[in-house]
Amino acid sequence: QVQLVESGGGLVQAGDSLRLSCVASGRGFSAYVLGWFRQAPGKEREFVARIWGGGITGYADSVKGRFTISRDNTESTVYLQMNSMKSEDTAVYYCAAGLGNTDDSKRYRYWGQGTQVTVSS
C-alpha cells in the first residue's frame, strides 16, 4: 500500500514556473514507476510525465521541453518542475504510482488527491 500526497500547486502567470512535489508513504517506493497526470475542467485525465526507478523519463508532447520530472528515492518524493507555463496547463495535477512503464492511467494503482494549478494569461 502506498499513500501519495501532492503539494505545490497555485496560481501563476503565463511564462512563470512552478514545482509540484509528491511525497509517498508505504513500502517499495523505488520499485514503482511514478507519473504525473492532469485533468482540466470538462476534459479527460491526461498523462503528463513518468519516471522509472532508474531515472528514465517520458513526457507528453504538450509539455516536452518545458516540464521536468525527477525523483528522490531517499526522500520517497517525486517532483514536477514546470517552466514557461501556459494557460492550457491549468488543471488539477495528480501523482500516481504503478508497476508498468506506461502512459495509461489505468495501469497506475495508487493516486494522490490532486493539487490545483491555475495559469492566468
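Here, residue 1 is the first one in the sequence, and each next residue gets the next number.
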Would you please name every residue forming a salt bridge (charged side-chain N to carboxylate O under 4.0 Å, His left out) with [X], sequence neighbours left out?
X: Asp104; result: none
X: Glu46; result: Arg38
X: Arg19; result: none

Determine the minimum heavy-atom distance between [X] and [Y], stating which atoms define it.
X: Ser84; Y: Ser17; value: N-OG, 4.3 Å
X: Ile69; Y: Thr57; value: CG2-CG2, 3.7 Å
X: Ser121; Y: Ser87; value: CB-CB, 4.2 Å
X: Ala49; Y: Leu80; value: CB-CD1, 4.2 Å
X: Leu4; Y: Ala24; value: CD2-CB, 3.6 Å
X: Arg107; Y: Thr102; value: CB-CG2, 3.4 Å

Checklist entry - Would Arg71 count as a cation-pi partner of Phe29, with NZ or CZ less than 6.0 Å from the six-membered ring centre and within 45° of the ring normal? => result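 Satisfied, under 6.0 Å and within 45°.
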Item to check | For Tyr93, all residues meeting ring pair (Phe, Tyr, Trp, His ring centres under 6.0 Å), sequence neighbours excluded | outcome: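 Expected list: none.
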Checklist entry - Does Glu75 offer a backbone N or O that forms a donor-acceptor pair with the side chain of Thr77 under 3.5 Å? => result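 Confirmed, Thr77 side chain pairs with Glu75 backbone.
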Item to check | Same cluster (ILVMFWY, side-chain, under 4.5 Å), Leu99 and Leu34 | outcome: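 The answer is yes; both residues are in one hydrophobic cluster.
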Item to check | same_hphob_cluster(Val78, Val23) at 4.5 Å side-chain heavy-atom cutoff | outcome: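 No, because Val78 and Val23 fall into different hydrophobic clusters, even though each may have its own neighbours under 4.5 Å.
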Checklist entry - Just wondering, do Leu20 and Glu6 contact through their side chains at under 4.5 Å, heavy atoms? => result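 Of all side-chain heavy-atom pairs linking Leu20 with Glu6, none is under 4.5 Å.
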Checklist entry - Any side-chain heavy-atom pair from Trp36 and Ile51 closer than 4.5 angstrom? => result no
Checklist entry - When rounded to the nearest 0.5 angstrom, what distance separates CG in Asp16 from CE in Met85? => result 8.5 Å
Item to check | Euclidean distance, Leu18 CG relative to Thr115 OG1, rounded to 0.5 Å | outcome: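 Thr115 atom OG1 to Leu18 atom CG measures 8.0 Å (nearest 0.5 Å).
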Checklist outcome for this item: Tracing side-chain contacts under 4.5 Å among Ile, Leu, Val, Met, Phe, Trp and Tyr outward from Tyr79 reaches none
Next on the checklist: If hydrophobic residues (ILVMFWY) are linked whenever their side-chain heavy atoms come closer than 4.5 Å, directly or via other members, who joins Val33 in its cluster?
Outcome noted: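 Under the 4.5 Å side-chain rule, Val33 groups with Phe37, Phe47, Trp52, Ile56, Val92, Tyr94, Tyr108, Trp111.
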Item to check | Pairwise salt bridge (charged side-chain N to carboxylate O under 4.0 Å, His left out) hits with a residue in residues 54-70, at least two apart | outcome: Asp61-Lys64, Arg66-Asp89
Checklist entry - Pairs in or reaching into residues 47-56: which pass salt bridge (charged side-chain N to carboxylate O under 4.0 Å, His left out), with residues at least two apart or in two chains? => result Arg50-Asp103
Checklist entry - Who passes side-chain contact (heavy atoms from CB on, under 4.5 Å) against Gln1, sequence neighbours left out? => result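 Here the qualifying residues are Gln3, Tyr110.
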Item to check | Residue list, side-chain contact (heavy atoms from CB on, under 4.5 Å) with Thr68, at least two apart or on another chain | outcome: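 Tyr59, Gln81.
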Next on the checklist: Once side chain to side chain donor-acceptor pair (under 3.5 Å) is applied, do any residues pair with Ser70, and if so which ones, sequence neighbours excluded?
Outcome noted: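 Residues passing side chain to side chain donor-acceptor pair (under 3.5 Å) with Ser70: none at all.
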Checklist entry - Restricting to pairs with a member in residues 20-118, which pass disulfide (SG to SG under 2.5 Å), not counting sequence neighbours? => result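 For residues 20-118: Cys22-Cys95.
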